[in-house]
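Beneath this line is the structure, given in structure tokens, with notes to follow.
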Amino acid sequence: MEKMERRLISAAVLFAILCLSSCKTQYDILLQSNDVDAKYEMAFELLQNKKYSKAASMFESLKLAVRGTSKDDTVQYYTAYAHYMFGETSAAEQGFHSFFTTFPRSPFTAQARYQYIDCLYEQTYRYELDQTPTYKALTAIAEYMIDYPDSPYIENCKAITRELEERLDRKEYESARLYYTIEDYKAASYALKNVLKEDADNVFREDILYYAVLSAYEYARNSVHQKQRERYLDFTDEYYNFVSEYPASEYRKELDALAEKVQNILKKHL
């Protein structure tokens, strides 16, 4: 009885393996075949059925066979598109870039260039990390908006641009503010001013000027007595620069109190 059970189990396992093999064989055999039309048809069927990884492989296998034919740009585009839909952004980015540089006049080119931008955007990092991918994405977006000013994606491109530029602004601001955090107030003052020198329209301008005032105050407060008057006067200049630009700032009350304190110090002790 036990021997019979083992045979039945072995037969069941073998049957399952054969079934799985037959399921794979149809795709695998066609993938390795030279039947271009059948492979082309199956690639689109796989795409339609959302089997993007298999579709990408099938389209990849067609690239050499259709090179120079009317199907060339279609296969190239949908190879990248299948990678894109499967979430393989790096492969899709490379595929789209290769496609639109090879076929600049294809009917798929405008769409491919936007999807290329989307891939670049997905590969950007948080502001604390390397921003090289951000600059690459911004360049691609700017070129796209020049070439396709009437694209339905223009508003989305503008929104992505604002987000990425804010990320760059924040990186510069936070890098400069770090000196204030570690209590190197002289370096903080220099770094914060330099951010605005390089980018006067930084979206964190108010915060940058705020920390410039605080840095000037702390630098003066921690200076030797002989240097304090000069440095408190520098603080006063920074304070007036801030309130003239942001008179209704949420920081105003705090800075007014510091300014009053400094005036009393200058009158009484310096």
Closest heavy-atom contact between [X] and [Y]?
X: C119; Y: A92; result: SG-CB, 3.7 Å
X: A55; Y: L47; result: CB-N, 3.9 Å
X: A43; Y: M58; result: CB-CG, 3.7 Å
X: A56; Y: H83; result: CB-CE1, 3.7 Å
X: A65; Y: V36; result: CB-CG2, 3.8 Å

Is any side-chain heavy atom of [Y] closer than 4.5 Å to one of [X]?
X: T139; Y: E143; value: yes
X: D118; Y: Y84; value: yes
X: E163; Y: R167; value: yes
X: D73; Y: P107; value: yes
X: Y239; Y: V262; value: no
X: D37; Y: K71; value: yes
X: Y81; Y: Q111; value: no
X: Q263; Y: T236; value: yes

With a 6.0 Å cut-off (strictly less than), is the heavy-atom count around [atom1] of [X], excluding the residue itself, greater than 12?
X: N34; atom1: CG; result: no
X: N264; atom1: CG; result: yes
X: K51; atom1: NZ; result: no
X: F44; atom1: CZ; result: yes

Using modelled atom types only, decide if a donor and an acceptor are shared between the side chain of [X] and the backbone of [Y] within a distance under 3.5 Å.
X: N194; Y: Y190; value: no
X: Q131; Y: R126; value: yes
X: S106; Y: F103; value: no

Derivation and outcome, side chain to side chain contact (heavy atoms under 4.5 Å, CB included), residues R67 and L64: CA-CA 5 Å; R67 184 168 296 171; L64 191 61; 3.9 Å; yes
Pair E165, T134 - check side chain to side chain contact (heavy atoms under 4.5 Å, CB included), show working. CA-CA 8 Å; E165 287 180 343; T134 299; over 6 Å; no
Atom pair [atom1]/[atom2] of [X] and [Y] - distance to nearest 0.5 Å:
X: L209; Y: L196; atom1: CG; atom2: CG; answer: 5.5 Å
X: S215; Y: I208; atom1: OG; atom2: CD1; answer: 11.5 Å
X: I265; Y: K267; atom1: CD1; atom2: NZ; answer: 12.0 Å
X: F96; Y: L120; atom1: CZ; atom2: CG; answer: 11.0 Å
X: R231; Y: E238; atom1: CZ; atom2: CD; answer: 14.0 Å
X: S223; Y: Y232; atom1: OG; atom2: OH; answer: 8.0 Å

Carboxylate-amine/guanidinium proximity below 4.0 Å for K158 and E155: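 Answer for the salt bridge query: yes.
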Lys/Arg N to Asp/Glu carboxylate O, R221 vs E218, below 4.0 Å: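 Counted as a salt bridge, because a side-chain N and a carboxylate O are separated by less than 4.0 Å.
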With V195, the side chain to side chain contact (heavy atoms under 4.5 Å, CB included) member among E174, R205, E172: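 That would be E172.
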Below 30° counts as parallel, above 60° as perpendicular, anything between as tilted: where do the rings of Y210 and Y251 land?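 Geometry flag for Y251 against Y210: parallel rings.
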Using 30° and 60° as the class boundaries, would you call the ring planes of H97 and F100 parallel, tilted or perpendicular?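 Answer is perpendicular, since the angle exceeds 60°.
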Taking atom types as modelled, find out whether [X] and [Y] have a side-chain donor-acceptor pair closer than 3.5 angstrom.
X: S33; Y: D35; result: no
X: Q76; Y: S98; result: no
X: T79; Y: K63; result: no
X: Y127; Y: D169; result: no
X: Y77; Y: Q115; result: yes

Should M85 and Y40 be regarded as members of a common hydrophobic cluster, given that ILVMFWY residues are connected when their side-chain heavy atoms come within less than 4.5 Å of each other, either directly or indirectly?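 Looking at the clustering, Y40 is in the same group as M85.
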Could you see if F59 belongs to whatever hydrophobic cluster contains Y27? Use Ile, Leu, Val, Met, Phe, Trp, Tyr and a side-chain cutoff under 4.5 Å.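 F59 does not cluster with Y27.
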Go through Y52 and F86 one step at a time and tell me if the ring-ring contact (aromatic ring centres under 6.0 Å, His included) criterion holds. CA-CA 5 Å; Y52 300 119; F86 192 60; 7.4 Å; no
In a table with atom names and distances, give each donor-acceptor pair under 3.5 Å that connects a side chain of residues 179-188 to protein atoms at least two apart or in another chain.
unit_1 : atom_1 : unit_2 : atom_2 : d
T181   : OG1    : R177   : O      : 3.3
D184   : OD1    : A187   : N      : 3.3

Would you please indicate yes or no on a ring centroid separation below 6.0 angstrom for F242 and Y246?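 Under 6.0 Å, so yes.
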Check for me whether the distance between the ring centres of Y219 and F235 falls short of 6.0 Å.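 Y219 vs F235: aromatic centres not under 6.0 Å.
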Tell me, please, which residues at least two apart from Q123 pass side-chain hydrogen bond (donor to acceptor under 3.5 Å, both in side chains).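 E93.
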Co-members of the apolar cluster containing Y144 [side chain, <4.5 Å]: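 Y144 clusters with Y114, I117, Y121, Y135, L138, I141, M145, Y148, Y153, I154, I160, L164, L168.
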